[in-house]
Enquirer: 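Handing you a structure now.
Any value given below was found using the heavy atoms of this structure, including those in side chains, with hydrogens, waters and symmetry copies removed.
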Amino acid sequence: MSEIRLQVKNITKHFGINRALNNVSFNINKGEVHALIGENGSGKSTLTNMLTGIYPMESGHFILDGEEIHPKNQVDANNHGVSIIVQELGTLSGLTVAENIFLGHEERFIKYGIRNTKAMNDEANALLKQYGFTHIKASTLVDDYKFEDRKLIEIVKATYFHPKIVVIDETTTALSQEGREELYKHMNRIRDEGNTVIFISHDLPEILDKSDTITILRDGEYIDTVKSKDVTEDDLKKLMVGREVTGAYYRTDYDEKVSDEVVLSVKNVTVPHRIHNVSFDLHKGEILGFGGLSESGMHEIGKAIFGASYDREGDVVLADGTHIKDIPTAIAHSIAYTSKDRDNESVVLNQSIQDNIALPSLDKLNLPKTPFLNWAKIKAFAKAFAKEMSVKMVNTDQFVSELSGGNKQKVVLARWIGKGSDIVVLDSPTRGIDIKVKQDIYQLMDKMRKEGKSIIMISEELMELIGMCDRIIIMKDGAIKGELPRSKELNENSLISMMV
């Protein structure tokens with residue numbers, strides 16, 4: 001019989017009048033990967049954020065190895081043997097890699113009030129070498145590393161001290177396949193040492209393959225705990241949603257001709273050390289996909305089009321001859337962009353849902369013939385588009401920081417739908433999003449293309465590229481490697497053979 005590591009007992013949590021968790025109870029065992037799944041807003045991250053000291057406890061109990069714990073913050077949680085790798089960035093800008101790894105535990109390197117920075121860097125470098133992350137240097141500012149490398153640093157930070165429980169919250173969606181394999185290796189190591197992984201992911205095949213046990217939450221309520229070997233993907237979908245997930249998922253058309261009308265031309269675009277001499281056209285009513293490995297340069301394409309790459313060379317030109325050189329010009333000419341790094345580049349966390357949705361449309365939300373904003377109009381505007389995207393919220397005055405990852409993404413999309421953008425660049429639009437919201441986003445994309453809007457979708461999820469795009473451009477080493485048209489015969493191997 002398995003030995004219980006953590007008892008979750010009667011946990012309840014509210015944000016204002018919004019109930020995030022209601023009297024949730026279940027057990028987690030030693031020596032297992034225990035998955036926690038549910039739709040966006042089901043309470044998964046809220047629960048683990050309370051366990052790891054990010055959110056304060058409200059009511060209920062966490063009992064770890066027979067002892068009740070009340071973590072006051074993440075350092076306190078670490079001291080109890082609990083750590084977390086968060087969904088968005090969990091490293092602090094302005095600090096070195098070593099300072100991030102040992103954040104809250106610097107006293108180990110302090111003697112007589114003086115910190116031994118060399119000893120800290122040496123130990124951090126030894127850990128990075130042990131983990132196989134030798135391209136990351138302890139003394140370098142964390143800001144000098146890209147998003148994925150910063151997630152690798154978080155893996156070291158969260159696991160080097162052999163905690164009893166490691167929470168992995170939607171981390172795999174930020175990693176390349178190579179990075180994912182590295183994470184899986186450490187998950188297995190933690191389990192083999194007799195410790196526990198709480199694994200949160202919306203990738204159900206990944207959940208079934210990598211976990212031993214699965215607990216399902218729905219709308220803040222405990223639904224069930226099952227063994228991974230005893231259930232199918234369809235079983236999990238039904239438990240998550242409360243019914244069968246029906247209706248179209250990906251597009252079903254294969255014979256529709258894309259318009260010959262070019263709405264955007266990218267000509268010889270180069271961003272030093274990122275992409276080199278990239279050229280392509282985007283057509284009216286087209287979904288154009290970009291795929292590749294993490295280092296391929298595909299994520300830089302979106303920034304370059306939107307004018308967010310300040311050292312960009314080459315031209316991004318609209319059909320009317322307008323050159324897009326900066327973000328204000330892009331927005332003024334009906335171009336929208338959603339970043340892979342949602343919390344830092346797509347939303348303003350400490351502002352309301354209303355402010356986030358209305359932000360790019362303020363020029364049309366003022367009082368007639370005055371420069372003053374019409375706040376009643378702004379409120380109605382935000383409420384209408386939040387409702388259209390089915391954002392789970394208390395009201396539009398709620399801070400975006402209080403929303404789940406999927407609901408944050410809905411706010412981002414509501415913003416650009418409200419703006420009425422004709423060209424929409426989506427970088428990893430379904431990262432960290434549940435099966436039902438993914439379906440909603442795919443159906444929205446299909447509706448937009450039928451309305452004549454043009455979409456560029458950048459994704460590391462090969463099946464969504466195959467399922468949604470009219471064309472797929474494959475990037476490798478910062479350059480275009482090839483192009484594949486929409487086809488029933490197209491499969492993941494077709495794309496992978498071009499990427500590697």
Enquirer: Taking atom CG of Leu444 and atom NZ of Lys453, what is their separation to the nearest 0.5 Å?
Expert: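 Going from the CG atom of Leu444 to the NZ atom of Lys453 covers 10.5 Å.
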Enquirer: Using salt bridge (charged side-chain N to carboxylate O under 4.0 Å, His left out) as the criterion, list what pairs up with Lys450, not counting sequence neighbours.
Expert: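 Residues passing salt bridge (charged side-chain N to carboxylate O under 4.0 Å, His left out) with Lys450: Asp446.
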Enquirer: Restricting to pairs with a member in residues 312-363, which pass ring-ring contact (aromatic ring centres under 6.0 Å, His included), not counting sequence neighbours?
Expert: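 Listed by first then second residue: Phe306-Tyr337.
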Enquirer: With side chains defined as the heavy atoms from C-beta onward, is the minimum distance between Asp144 and Leu141 less than 4.5 Å?
Expert: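 Touching, per the 4.5 Å side-chain cut-off.
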Enquirer: Please examine the side chains of Pro163 and Ser83, heavy atoms only from C-beta on, and report whether any two atoms are closer than 4.5 Å.
Expert: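 Touching, per the 4.5 Å side-chain cut-off.
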Enquirer: For the aromatic rings, using the six-membered ring if either is Trp, is the centroid distance between Tyr131 and His186 under 6.0 Å?
Expert: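 So the answer is yes for these two rings.
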Enquirer: Is there a side-chain contact between Leu264 and Val316 in this structure, where contact means two heavy atoms from C-beta onward sitting under 4.5 Å apart?
Expert: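 Yes, at least one pair of side-chain atoms sits under 4.5 Å.
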Enquirer: Would a 4.5 Å heavy-atom cut-off, applied to side chains only, mark Leu462 and Ile472 as touching?
Expert: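 No - every pair of side-chain heavy atoms lies 4.5 Å or more apart.
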Enquirer: Any sub-3.5 Å donor-acceptor pair from Thr329's side-chain atoms to Lys325's backbone N or O?
Expert: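 Here the side-chain-to-backbone pair does not exist.
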Enquirer: Are any side-chain N or O atoms of Ser497 and backbone N or O atoms of Asn493, one a donor and one an acceptor, separated by less than 3.5 Å?
Expert: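 Yes, because the side chain of Ser497 sits within donor-acceptor range (under 3.5 Å) of the backbone of Asn493.
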Enquirer: Only one of Glu148, Glu460, Arg274 passes side-chain hydrogen bond (donor to acceptor under 3.5 Å, both in side chains) with His299; say which it is.
Expert: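 The residue from Glu148, Glu460, Arg274 that satisfies side-chain hydrogen bond (donor to acceptor under 3.5 Å, both in side chains) with His299 turns out to be Glu460.
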Enquirer: Applying the side-chain hydrogen bond (donor to acceptor under 3.5 Å, both in side chains) test to Thr91, which of Lys151, Arg150, Lys157, Glu154 qualifies?
Expert: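 With Thr91 as partner, Lys151, Arg150, Lys157, Glu154 yield a single side-chain hydrogen bond (donor to acceptor under 3.5 Å, both in side chains), made by Arg150.
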Enquirer: Residues two or more places apart in sequence or in another chain: which of them pass salt bridge (charged side-chain N to carboxylate O under 4.0 Å, His left out) with Arg342?
Expert: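 With neighbours one apart ignored, the set is Glu88.
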Enquirer: What ring-ring contact (aromatic ring centres under 6.0 Å, His included) pairs are there with at least one residue in residues 467-486, not counting sequence neighbours?
Expert: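 Qualifying pairs, neighbours excluded: none.
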Enquirer: Taking salt bridge (charged side-chain N to carboxylate O under 4.0 Å, His left out) as the definition, give me every residue that meets it alongside Glu313, ordered by chain and number, with sequence neighbours left out.
Expert: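 Glu313 satisfies salt bridge (charged side-chain N to carboxylate O under 4.0 Å, His left out) with no other residue.
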Enquirer: Between Arg449 (side chain) and Gly285 (backbone), is there a donor-acceptor pair under 3.5 Å?
Expert: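 Looks like no, no N/O pair under 3.5 Å.
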Enquirer: The test is salt bridge (charged side-chain N to carboxylate O under 4.0 Å, His left out); show your working for Glu464 and Lys438 and say whether it passes.
Expert: CA-CA 10 Å; Glu464 72 178 5; Lys438 276 188 179 183; 5.4 Å; no
Enquirer: Begin with the C-alpha distance, continue with both residues' side-chain angles, and end with the deciding distance and a verdict on salt bridge (charged side-chain N to carboxylate O under 4.0 Å, His left out) for Glu388 and Lys383.
Expert: CA-CA 9 Å; Glu388 184 172 331; Lys383 188 175 179 180; over 6 Å; no
Enquirer: Under 3.5 Å, is there a donor-acceptor pair between the side chain of Ser309 and the main chain of Arg312?
Expert: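 A pair under 3.5 Å: no.
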Enquirer: Only counting residues at least two apart or in another chain, list the ones meeting salt bridge (charged side-chain N to carboxylate O under 4.0 Å, His left out) with Glu193.
Expert: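 Residues passing salt bridge (charged side-chain N to carboxylate O under 4.0 Å, His left out) with Glu193: Arg189.
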Enquirer: Look only at the side chain of Thr172 and the backbone of Arg180, and say whether a donor-acceptor pair between them is shorter than 3.5 Å.
Expert: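 Not at all, since once roles are kept as given, no pair shorter than 3.5 Å links the two residues.
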Enquirer: The criterion is side chain to side chain contact (heavy atoms under 4.5 Å, CB included); which residues satisfy it with Asn125, sequence neighbours excluded?
Expert: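 For Asn125, the residues satisfying side chain to side chain contact (heavy atoms under 4.5 Å, CB included) (neighbours in sequence not counted) are Leu128, Ala138.
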Enquirer: Does the side chain of Asn277 pick up a donor-acceptor pair with the side chain of Thr270 at under 3.5 Å?
Expert: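 There is no such pair (donor and acceptor under 3.5 Å, judged by atom type) between the side chains of Asn277 and Thr270.
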Enquirer: What residues, two or more places apart in sequence or in another chain, satisfy side chain to side chain contact (heavy atoms under 4.5 Å, CB included) together with Lys118?
Expert: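 Side chain to side chain contact (heavy atoms under 4.5 Å, CB included) list for Lys118, sorted by chain: Asn116, Asp122.
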Enquirer: Within the supplied structure, the quantity of interest is the number of heavy atoms (other residues, nucleotides, ligands) at a distance under 6.0 Å from His273 NE2; does it exceed 12?
Expert: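 Count not over threshold, so no.
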Enquirer: Under 3.5 Å, side chain of Ser211 to main-chain N/O of Leu208, donor-acceptor pair present?
Expert: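 Pair absent, no side-chain N/O of Ser211 close to backbone of Leu208.
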Enquirer: Taking the side chain as C-beta and beyond, is there a heavy-atom pair between Leu95 and Leu103 under 4.5 Å?
Expert: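 Yes, at least one pair of side-chain atoms sits under 4.5 Å.
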Enquirer: Determine which pairs satisfy ring-ring contact (aromatic ring centres under 6.0 Å, His included) with at least one residue from residues 437-475, sequence neighbours left out, and list them in order.
Expert: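 Qualifying pairs, neighbours excluded: Tyr249-Tyr442, Tyr250-Tyr442.
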Enquirer: To the nearest 0.5 Å, tell me how far Ser334 OG sits from Lys419 NZ.
Expert: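 The distance works out to 7.5 Å.
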Enquirer: What's the separation between atom CE in Met499 and atom CD1 in Ile474, rounded to the nearest 0.5 Å?
Expert: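 Rounded to the nearest 0.5 Å, the CE-CD1 separation comes out at 4.0 Å.
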Enquirer: Can you tell me how far CD of Glu492 sits from CD of Glu461, rounded to the nearest 0.5 angstrom?
Expert: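 Spacing of CD (Glu461) from CD (Glu492) equals 9.0 Å.
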Enquirer: Donor-acceptor check, side chain of Gln130 to backbone of Leu127, threshold 3.5 angstrom: yes or no?
Expert: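 Side chain of Gln130 to backbone of Leu127, a donor-acceptor pair under 3.5 Å: no, none is there.
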Enquirer: Answer whether the closest heavy-atom distance between the side chains of Asp355 and Val348 falls below 4.5 Å.
Expert: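 Not touching, per the 4.5 Å side-chain cut-off.
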Enquirer: Could you point out which residue of Ile324, Ile455, Leu318 forms a side chain to side chain contact (heavy atoms under 4.5 Å, CB included) with Ile423?
Expert: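 The passing option is Leu318.
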Enquirer: Does the distance from a Lys or Arg side-chain N to an Asp or Glu carboxylate O, for Glu39 and Lys44, drop under 4.0 Å?
Expert: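 Here Glu39 does not pair with Lys44 in a salt bridge, since their nearest N and O are not under 4.0 Å apart.
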Enquirer: Would you mind reporting whether Ser346 and Lys408 have side-chain heavy atoms less than 4.5 Å apart?
Expert: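 With C-beta onward as the side chain, the pair stays apart.
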Enquirer: Under the rule for side chain to side chain contact (heavy atoms under 4.5 Å, CB included), what residues qualify as partners of Lys392, not counting sequence neighbours?
Expert: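 Per chain and number, Lys392 pairs via side chain to side chain contact (heavy atoms under 4.5 Å, CB included) with Asp219, Asn407.
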Enquirer: Go through the structure and list residues passing side chain to side chain contact (heavy atoms under 4.5 Å, CB included) with Leu204, not counting sequence neighbours.
Expert: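 Testing Leu204 for side chain to side chain contact (heavy atoms under 4.5 Å, CB included), a comparison that skips the adjacent residues, returns Ile37, Glu233, Leu236, Lys237, Met240.
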Enquirer: Tell me whether Asp315 contacts the main-chain N or O of Lys267 through its side chain, where contact means a donor paired with an acceptor under 3.5 Å.
Expert: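 A pair under 3.5 Å: no.
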Enquirer: For Glu345 and Lys303: C-alpha separation, side-chain torsions, deciding distance, then whether salt bridge (charged side-chain N to carboxylate O under 4.0 Å, His left out) applies.
Expert: CA-CA 11 Å; Glu345 297 180 352; Lys303 291 184 178 182; 3.3 Å; yes
Enquirer: Got a second to check how far Asp397's CG is from Gln354's CD, nearest 0.5 Å?
Expert: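 Here the interatomic distance stands at 6.0 Å.
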Enquirer: Run the ring-ring contact (aromatic ring centres under 6.0 Å, His included) test against Phe102 and tell me which residues pass, sequence neighbours left out.
Expert: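 By the ring-ring contact (aromatic ring centres under 6.0 Å, His included) rule, Phe102 matches Phe109, Tyr160.
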Enquirer: For the ring pair Phe290 and Phe280, is the centre-to-centre distance below 6.0 Å?
Expert: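 Close enough - the centres of the two rings lie under 6.0 Å apart.
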Enquirer: For Tyr55 and Phe15, I'd like to know if the aromatic rings sit close, meaning centre-to-centre distance below 6.0 Å.
Expert: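 Under 6.0 Å, so yes.
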Enquirer: Could you state the interatomic distance from CD1 (Ile84) to CG (Asn78), rounded to the nearest 0.5 Å?
Expert: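 Atom-to-atom, Ile84:CD1 and Asn78:CG are 10.5 Å apart.
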Enquirer: Quick check: do Met120 and Arg115 have side-chain heavy atoms less than 4.5 Å from each other?
Expert: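 Met120 reaches Arg115 side chain to side chain.
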